[in-house]
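Below is one structure, written out as structure tokens; the observations come after it.
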Amino acid sequence: MNLNKNKNEINKFVLASIETIEEVDFLLMTQLTAWFVLSGYLEIMRNGSDILIRTGDIFVLNKGDIVRVIGSEENVTLTVKFLTSEYQEEFPPFKLNMPLSMVYKKDGYELVKNGMAYLYVEMIYPGVGSDYIIEGYSKHLIGLFHRHLGWVDEKEQVHAASDKVKEIVSYINVNYAEKLSLDEIAEKFYSSKYYLAHSFKKQLGISIGNYIKEVRLFHSLRMLESTNDKIVMIALANGFPNVRSFNEAFKIRYKLTPAEFREERQIRAVQNHADGELSQDVLALLSPYVSLGELPANSSNVPDRIEVQLDLQKTIGQYSKVSHVLKVKGELKDSRLIEVRERFGVKWVAVNRIIKKVEIQLNEGQLVCSFRELDRMLQQIVSAGMFPYLQFQSIDFDDWEERGFHNKEWFGKVIRQLNLHLQQNYMTNSEWMYEFRCFYESQSSGELCQPLVNAISTFKGYKNVVIHFPKAPEDAVSLDTDCHNTVYCIDDWTRMRKISLEAALHHLFDEAFIRVIGENMNMKSQNRILDRMLFYENDDYLHAYSDLAQANAIIWQYMSLMNRSQIAGHYFPPLSLDSAKLFEYFPDELASKMSLCTPDGRYKDNWYATEFASRLFDELVFKNNSCIVTKRQENYRILTVYPEEEVHLIVNQNNEQSKLAWHKAKSPYVFVKLDLTNLEGTYRLTKQRLTPEQVDQRSDLADLRKCKKLSFEDITYWNAINRPSRSVEHLNIKGNYTLEFEVPIFGIVMIDLEKTNV
């Protein structure tokens with residue numbers, strides 16, 4: 001008797017896949033679905049409620065739920081869909097208003113996460129009896145939902161959409177291939193078309209016409225993926241009147257024509273074919289949830305070691321450094337500016353709240369401006385060998401009106417007087433930057449500050465005019481591209497690109513950008529970062545290492561840019577010196593946590609992480625997700641950080657045994673072995689380390705931390721103690737040398753190999 005059913009039969013009761021969920025404007029769930037976020041996050045609006053699903057969280061969506069989804073870049077989500085046939089009883093709507101997690105419904109979470117992981121592995125590696133095992137897992141999960149979630153009765157069930165709108169949605173879902181119009185739908189549902197259009201858009205956030213198009217595109221995409229039908233047949237089968245309208249709608253939605261999409265998918269299918277083997281990345285994400293005994297014999301767990309052989313005479317590319325912009329909250333200090341320039345290589349210092357720094361008086365109906373305070377700051381920056389990064393923001397116009405000036409044309413006159421003053425006194429140095437942030441970013445309207453937009457033309461012809469957009473316009477090009485008469489545009493991730501001034505001014509009024517600002521996406525991103533930091537601080541075992549975890553994240557960011565083949569020098573992230581807000585919409589608490597120093601001048605772990613990354617040499621010898629090796633002539637610098645994915649695996653463990661291990665050792669580690677070849681001569685090896693062990697040894701600093709005010713001597717003592725450990729040894733190397741060391745969780749190791757017998 002054959003215990004294996006046909007694969008098509010397996011799919012009759014459950015489907016499981018690991019995927020990246022992209023932004024979806026509107027989605028009607030057609031099956032009971034569970035999402036298990038393995039990496040990144042998903043932000044959804046379900047039936048009118050905002051829900052954030054973080055890494056490690058599980059959320060259950062009922063059939064009929066209406067959701068809008070925004071996923072982080074390259075999120076990885078395990079999706080399990082439970083299918084029902086026309087002969088089966090529908091699943092009840094399960095009750096879940098926040099994700100299952102290590103904190104919320106913990107007992108049910110542990111069982112559900114394991115069940116989903118086991119089910120997926122069984123589907124990827126089917127064997128004898130797999131169909132029965134998969135069916136068992138699916139029913140087990142449904143049983144867990146009943147036990148740990150319960151279900152919503154009709155009296156409790158509240159949806160943002162009315163019954164009539166839901167009926168219309170169902171009607172469109174069934175009849176999308178037919179010729180549908182607002183008039184016809186309104187007549188069928190006995191409603192005024194104007195009222196129907198308004199209520200549909202208000203309740204679901206999308207017009208009826210756009211929803212019909214989204215449904216047609218969804219089914220067209222599936223046909224492109226699963227059939228070889230001609231594109232004209234696919235267009236007509238899904239309600240498009242002709243190929244041209246199908247091509248246009250498809251390209252707007254998916255950035256490719258249907259033919260290009262099908263060709264790219266076929267190429268990708270060939271490249272990704274691996275006889276059913278899971279990638280190491282997926283194994284790394286699943287390993288906390290599946291015991292080794294359950295994984296197939298030919299797969300391996302996440303490695304706890306990095307071993308590589310390096311020929312130090314060979315390079316694989318260039319290491320480029322990010323172009324930081326220093327932000328200072330308090331008084332500028334000459335010594336600190338010089339220190340930041342020399343230790344981090346920072347060239348620019350932000351100058352903001354510019355209108356507040358200008359003395360303005362009315363004399364016989366004329367504006368008289370004095371730039372004395374602004375000059376003092378500009379001259380101090382220039383004297384330190386750095387360049388001003390002038391940030392004109394919507395808050396400048398708010399400051400203008402708060403001072404009692406409401407004439408928008410006069411605001412423009414002040415900007416023009418400032419421009420003339422800069423030209424006469426500073427010769428408009430070509431390295432200075434002039435950034436315009438014209439959106440009201442801390443409000444929910446997405447409104448533009450028109451007087452500030454008008455002020456941009458005052459600086460027309462300047463070399464370094466920068467205009468902010470929440471995301472780069474499509475016609476913006478890389479900094480490497482040769483083009484004339486351009487300005488720069490910078491997005492919310494601080495990536496700089498080139499664009500023509502005319503195009504930039506046009507895009508400022510684009511509804512798409514205004515909508516992103518109006519939805520406060522930038523503020524939501526910052527709140528997610530703050531939540532991640534607070535997670536460490538609120539944990540009994542990890543709170544002492546929260547600064548170290550943040551320092552780790554700084555280096556992960558550099559590594560991430562390198563591994564995505566991004567040019568770090570095209571990014572201009574702000575650097576907070578003393579709890580200065582990186583952007584005006586930043587929460588004060590987040591600004592304080594991300595700063596390099598405390599307001600009284602004590603170095604934080606962020607200071608050293610930034611210094612390590614900025615000191616790497618330009619020639620790149622090796623890189624992976626947690627280690628980078630660079631060289632200059634016969635000198636080498638190696639930076640290694642505890643792997644980000646490993647931190648997630650350890651932190652996501654929530655049993656008493658792992659807590660006990662952490663409490664005793666405080667430093668689960670990754671072992672690093674670098675076999676260095678073609679190395680000859682006498683070298684000085686300098687090793688600097690930031691580790692949890694060092695944090696534990698700083699008991700004196702814990703006492704100082706309780707003091708409300710520290711003396712200069714206390715701060716000097718703090719900075720002398722709260723720094724990386726340092727060891728130096730001399731080596732006589734003949735040809736090869738093996739460098740071995742351990743990197744503990746949250747740990748950072750910087751190694752210099754300096755040739756001394758040159």
Side-chain angles (χ1 to χ4, degrees), residues 325 327-332 348-383 386-429 432-468 487 501 504-505 508-509 514 517 574 580-581 583-586 588:
V325 178
K327 300 204 76 170
V328 181
K329 180 180 182 180
E331 192 73 17
L332 286 181
W348 290 280
V349 180
V351 181
N352 51 24
R353 304 302 289 265
I354 293 172
I355 294 298
K356 274 198 168 186
K357 296 177 175 66
V358 179
E359 298 175 26
I360 305 171
Q361 293 182 346
L362 272 176
N363 186 1
E364 298 181 356
Q366 297 295 318
L367 286 174
V368 179
C369 300
S370 171
F371 303 102
R372 190 179 341 176
E373 181 184 349
L374 182 62
D375 279 336
R376 183 185 59 79
M377 187 174 187
L378 296 177
Q379 289 165 7
Q380 191 175 7
I381 294 170
V382 172
S383 297
M386 304 171 82
F387 305 108
Y389 188 106
L390 286 89
Q391 290 186 304
F392 298 93
Q393 305 172 85
S394 57
I395 199 168
D396 284 311
F397 187 69
D398 293 341
D399 290 339
W400 165 262
E401 291 192 315
E402 284 181 13
R403 294 170 68 169
F405 300 111
H406 300 287
N407 188 315
K408 296 180 180 179
E409 292 182 2
W410 284 4
F411 178 80
K413 287 182 180 180
V414 172
I415 299 296
R416 288 193 290 274
Q417 285 193 37
L418 171 59
N419 178 33
L420 182 62
H421 177 78
L422 295 177
Q423 288 181 344
Q424 291 175 342
N425 292 275
Y426 300 97
M427 305 296 290
T428 57
N429 189 294
W432 290 30
M433 307 285 280
Y434 308 87
E435 183 186 82
F436 290 84
R437 302 184 74 89
C438 302
F439 295 99
Y440 285 101
E441 296 177 84
S442 57
Q443 300 177 10
S444 58
S445 64
E447 186 181 348
L448 269 176
C449 179
Q450 185 65 52
L452 196 58
V453 175
N454 296 339
I456 297 174
S457 60
T458 303
F459 292 83
K460 185 176 181 179
Y462 278 44
K463 180 181 177 182
N464 295 327
V465 172
V466 182
I467 301 175
H468 163 255
V487 295
L501 177 59
L505 293 175
L508 281 174
F509 296 90
I514 294 175
I517 293 288
K581 289 186 177 183
F583 302 103
E584 288 298 325
Y585 55 80
F586 249 52
D588 289 330

Of the non-hydrogen atoms in [X] and [Y], which two are nearest, and what is the gap between them?
X: Phe411; Y: Trp400; answer: N-CZ2, 3.4 Å
X: Met377; Y: Ala350; answer: CE-O, 3.8 Å
X: Glu373; Y: Lys356; answer: OE1-O, 4.0 Å
X: Lys327; Y: Ala580; answer: O-CB, 3.7 Å
X: Phe392; Y: Leu452; answer: O-CD2, 3.6 Å
X: Arg353; Y: Gln393; answer: N-NE2, 4.4 Å

Distance check, rounded to the nearest 0.5 Å: [X] atom [atom1] versus [Y] atom [atom2]?
X: Glu409; Y: Leu367; atom1: CD; atom2: CG; answer: 11.5 Å
X: Phe371; Y: Cys369; atom1: CZ; atom2: SG; answer: 4.5 Å
X: Leu418; Y: Arg416; atom1: CG; atom2: CZ; answer: 12.0 Å

Is there a donor-acceptor pair under 3.5 Å between the side chain of [X] and the backbone N or O of [Y]?
X: Lys357; Y: Arg372; value: no
X: Asp396; Y: Ile354; value: yes
X: Asn407; Y: Trp410; value: yes
X: Asn419; Y: Ile415; value: no
X: Gln380; Y: Leu332; value: yes
X: Ser394; Y: Phe439; value: yes

**Request:** Establish, from distance only, whether the side-chain atoms of Gln366 and Lys413 form a donor-acceptor pair under 3.5 Å.
**Result:**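 Looking only at side-chain atoms, Lys413 and Gln366 do not form any donor-acceptor pair under 3.5 Å.
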
**Message:** Hydrogens and angles aside, do Tyr426 and Asp375 bring a side-chain donor and acceptor to less than 3.5 Å of each other?
**Reply:**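 Asp375 and Tyr426 do have a side-chain donor-acceptor pair below 3.5 Å.
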
**Message:** Run the salt bridge (charged side-chain N to carboxylate O under 4.0 Å, His left out) test against Arg403 and tell me which residues pass, sequence neighbours left out.
**Reply:**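 For Arg403 there are no salt bridge (charged side-chain N to carboxylate O under 4.0 Å, His left out) partners, ignoring immediate neighbours.
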
**Asked** Does the side chain of Trp348 reach to within under 4.5 Å of the side chain of Met386, using non-hydrogen atoms?
**Response**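 The answer is no; the side chains never approach within 4.5 Å.
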
**Asked** Would the Tyr389 and Tyr434 ring centres measure less than 6.0 Å apart?
**Response**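 No, too far apart.
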
**Request:** Decide if the gap between the ring center of Phe387 and the ring center of Trp432 is smaller than 6.0 angstrom.
**Result:**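 No, ring centres 6.0 Å or more apart.
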
